[in-house]
Amino acid sequence: MKNSIRIKAVEKSGIVTVKALIKHPMETGRRKDKGGNLIPAHHIAEFGIWVNGSEKMKGEWGTGISKNPYMSFKYQGKKGDQIKIKLQDNQNQILSVETTVK
C-alpha cells in the first residue's frame, strides 16, 4: 500500500487553517485476517509539524487512531508560510509533505 499525505493550508484574517488527510492502514496488531492470523501492527507512532523551518508541534499517536486519519489545526500566520508535516510509523517508515500557505 502506498502511503501519502494530502494537505491544504489557507490563511484568512491572520489565521492559517491546515488540513491533512493521511493515507495509512493504522493496524493495531490485534485484528485478524480471513485465515485467522493476526495482522501485524502498523501505525503512525510520531509526528512533527514545522512552520518556516521552526518546529511548532510534535506528538505521539498509537493504535487508537483510525485508518486514514484526518488532522487539522490552526495557528496565527500569513500567506507564503512554509508548512512541513513529518510522520514516522512503528515500522520506521517516514511520510513527509510540504506546502505553502495560500
Nearest non-hydrogen partners of Asn90 and Ala41, listed with the distance: ND2-O, 3.3 Å
Minimal non-hydrogen separation, Lys56 against Val51, with atom names: CG-CG2, 3.7 Å
Spatial distance of atom OG1 (Thr63) from atom NE2 (His42) [nearest 0.5 Å]: 13.5 Å
Between CD1 on residue Ile39 and CD on residue Glu27, distance to nearest 0.5 Å: 4.5 Å
Side-chain heavy-atom pair Val18, Ile83 within 4.5 angstrom cut-off: yes
Minimum side-chain heavy-atom gap Ile44-Glu46 below 4.5 Å: no
Hydrophobic cluster partners of Trp50 (side-chain heavy atoms under 4.5 Å): none
Pairwise ring pair (Phe, Tyr, Trp, His ring centres under 6.0 Å) hits with a residue in residues 61-86, at least two apart: Phe47-Trp61
Side chains of Ser66 and Met26 in contact at under 4.5 Å (non-hydrogen atoms): no
pair Asp89-His43: side-chain heavy atoms closer than 4.5 Å: no
Which residues share a side-chain hydrogen bond (donor to acceptor under 3.5 Å, both in side chains) with Asn37, sequence neighbours left out: none
Salt bridge (charged side-chain N to carboxylate O under 4.0 Å, His left out) pairs, two or more places apart, involving residues 68-86: Lys78-Asp81
Atom of Lys67, atom of His24 and distance for their closest heavy-atom approach: CG-O, 3.6 Å
Heavy-atom pair of closest approach, residues Ala20 and Ile5: CB-CG2, 4.2 Å
Point-to-point distance, once rounded to the nearest 0.5 Å, from CD of Glu60 to CD1 of Ile65: 12.0 Å
Gln91, CD atom: more than 12 neighbouring heavy atoms under 6.0 Å: yes
Linked, directly or transitively: Ile85 and Met57 (ILVMFWY side chains, under 4.5 Å): yes
From CA spacing to verdict: side chain to side chain contact (heavy atoms under 4.5 Å, CB included), Asn68, Ile22: CA-CA 5 Å; Asn68 300 328; Ile22 305 156; over 6 Å; no
Interatomic distance, Leu21 atom CG to Ser72 atom OG [nearest 0.5 angstrom]: 11.5 Å
Gln76 side chain reached by Ile15 side chain, heavy atoms, under 4.5 Å: yes
Taking only distance into account, with no hydrogens and no angle test, what donor-acceptor pairs under 3.5 Å do side-chain atoms of residues 94-102 form with protein atoms, sequence neighbours excluded?
unit_1: Thr100; atom_1: OG1; unit_2: Gln82; atom_2: OE1; d: 3.3
unit_1: Thr100; atom_1: OG1; unit_2: Gln82; atom_2: NE2; d: 2.7

Residues forming a side-chain hydrogen bond (donor to acceptor under 3.5 Å, both in side chains) with Arg30, sequence neighbours excluded: none
Any Lys23 side-chain heavy atom under 4.5 Å of Arg6 side chain: no
